[in-house]
K.L.:
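A single structure is presented below for examination.
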Amino acid sequence: MAKELRQKLGSMEYDGLITGLNPPTRVDGGTIAKLSAAAVYKRGTLLAKSAKDGLLHILGEEPPAAAEGQTADTYAPDCILCDDTEVGTTEDVPVDVYVAGCFDPEKVTVASGYTVTQADKDKLRAYSIIFKAAAPAP
C-alpha cells in the first residue's frame, strides 16, 4: 500500500519573537557556559560571547573578576537562543542560536536588572540582528 503523501509533521504556536523577513533569519550553533546554579534559559534569550573562551552567557551577566596578573574577560552581545534550554552546573550546553534576523525587542530576555543599550543594538546590527516591534493585527 502507498504511504500517505501528505501528513502533519508537527505544529508551532506563533510567539512573536521573529517580526520580519529581512534580514533573513539564520541559525547556527553555540555553547552556553555551565552555571553555578542550574537554570532554564527561554527561547529569545539574548546571549553574549566571552572574549576569552567563546562560550555564551546571558546578556547583562558580569564576567568573573580577573585573577592577579590576568586580563579581565569581556562579554559582547552575539546571538539569540532558538529554544528553551536547561543549563546545568556540570557541563557546557551546545545550543542552536539565531545569528541573524528581525526580532521583537519586547520578546527578548536578558539578565535580571539589565536593560539592552543602544551600543548592544549597534553591535548586534553588525551581525544582521535587528529589532523591530511586531505590527498590530488589523
K.L.:
Does Val108 share a hydrophobic cluster with Ile129, counting links as ILVMFWY side-chain heavy atoms below 4.5 Å and allowing steps through other members?
P.N.:
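In one cluster: yes.
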
K.L.:
So, for Thr85 and Val93, which heavy atoms are closest and what is the spacing to 0.1 Å?
P.N.:
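So the two residues come closest at CG2-CG1, 3.8 Å.
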
K.L.:
Are any non-hydrogen side-chain atoms of Val99 and Tyr127 less than 4.5 angstrom apart?
P.N.:
no

K.L.:
What are the two closest heavy atoms between Lys107 and Gly16, and how far apart are they?
P.N.:
CG-O, 3.6 Å

K.L.:
So which pairs with a foot in residues 50-84 pass ring-ring contact (aromatic ring centres under 6.0 Å, His included), sequence neighbours left out?
P.N.:
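For residues 50-84, and leaving out neighbouring residues, the ring-ring contact (aromatic ring centres under 6.0 Å, His included) pairs sorted by first residue read His57-Tyr75.
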
K.L.:
Can you name the residues that form a side chain to side chain contact (heavy atoms under 4.5 Å, CB included) with Lys52, not counting sequence neighbours?
P.N.:
Ser50, Gln70, Asp73

K.L.:
Apply side chain to side chain contact (heavy atoms under 4.5 Å, CB included) to residues Tyr41 and Val95 and explain how you reach the verdict.
P.N.:
CA-CA 11 Å; Tyr41 284 0; Val95 293; over 6 Å; no

K.L.:
Considering non-hydrogen atoms only, spot the tightest contact between Cys102 and Asn22 and give its length.
P.N.:
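Heavy atoms of Cys102 and Asn22 come nearest at CB-O, 3.8 Å.
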
K.L.:
So do Leu56 and Cys79 actually touch side chain to side chain, heavy atoms under 4.5 Å?
P.N.:
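Answer yes - side chains close enough.
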
K.L.:
Hydrophobic clustering (ILVMFWY, side-chain heavy atoms < 4.5 Å, transitive) - are Val87 and Leu55 grouped together?
P.N.:
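No, Leu55 and Val87 fall in different hydrophobic clusters.
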
K.L.:
Answer whether the closest heavy-atom distance between the side chains of Ile32 and Leu81 falls below 4.5 Å.
P.N.:
yes

K.L.:
State which residue, out of Thr31, Leu47, Ile80, fulfils the side-chain contact (heavy atoms from CB on, under 4.5 Å) condition with Val97.
P.N.:
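Of all the options given, the one that passes is Leu47.
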
K.L.:
What closest approach, in Å, do Ala133 and Pro105 show between heavy atoms, and which atom pair accounts for it?
P.N.:
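That would be N-CD, 3.8 Å.
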
K.L.:
Please collect all ring-ring contact (aromatic ring centres under 6.0 Å, His included) contacts where either partner lies in residues 101-122, sequence neighbours excluded, each pair once.
P.N.:
Tyr98-Phe103

K.L.:
Gly60 and Ala111: which non-hydrogen atoms are nearest, and at how many Å?
P.N.:
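Of all heavy-atom pairs spanning Gly60 and Ala111, the closest is C-CB, 3.7 Å.
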
K.L.:
Can you name the nearest heavy-atom pair linking Gly44 to Leu17, along with the distance?
P.N.:
CA-CD2, 3.8 Å

K.L.:
Looking at SG of Cys82 and CD1 of Ile18, how far apart are the two atoms once the value is rounded to the nearest 0.5 Å?
P.N.:
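Here the rounded value is 7.5 Å.
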
K.L.:
Starting at CG of Asp120, measure out to CZ of Arg125 and round the result to the nearest 0.5 Å.
P.N.:
11.5 Å

K.L.:
Once side-chain hydrogen bond (donor to acceptor under 3.5 Å, both in side chains) is applied, do any residues pair with Gln118, and if so which ones, sequence neighbours excluded?
P.N.:
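Expected list: Asp122.
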
K.L.:
Tell me who clusters with Ile130, hydrophobic residues only, linked when side chains sit under 4.5 Å apart either directly or through other members.
P.N.:
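Besides Ile130, the hydrophobic cluster comprises nothing; the residue is isolated.
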
K.L.:
Quick check: does any side chain N or O of Thr19 sit under 3.5 Å from a backbone N or O of Lys132, one acting as donor and the other as acceptor?
P.N.:
yes

K.L.:
Could you check if a side-chain atom of Leu46 sits within less than 4.5 angstrom of a side-chain atom of Val116, using non-hydrogen atoms only?
P.N.:
yes

K.L.:
Applying side chain to side chain contact (heavy atoms under 4.5 Å, CB included), can you list everything that pairs with Asp84, at least two apart in sequence or on another chain?
P.N.:
Lys42, Arg43

K.L.:
Heavy-atom distance under 4.5 Å between the side chains of Thr89 and Lys34, does that happen here?
P.N.:
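Of all side-chain heavy-atom pairs linking Lys34 with Thr89, none is under 4.5 Å.
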
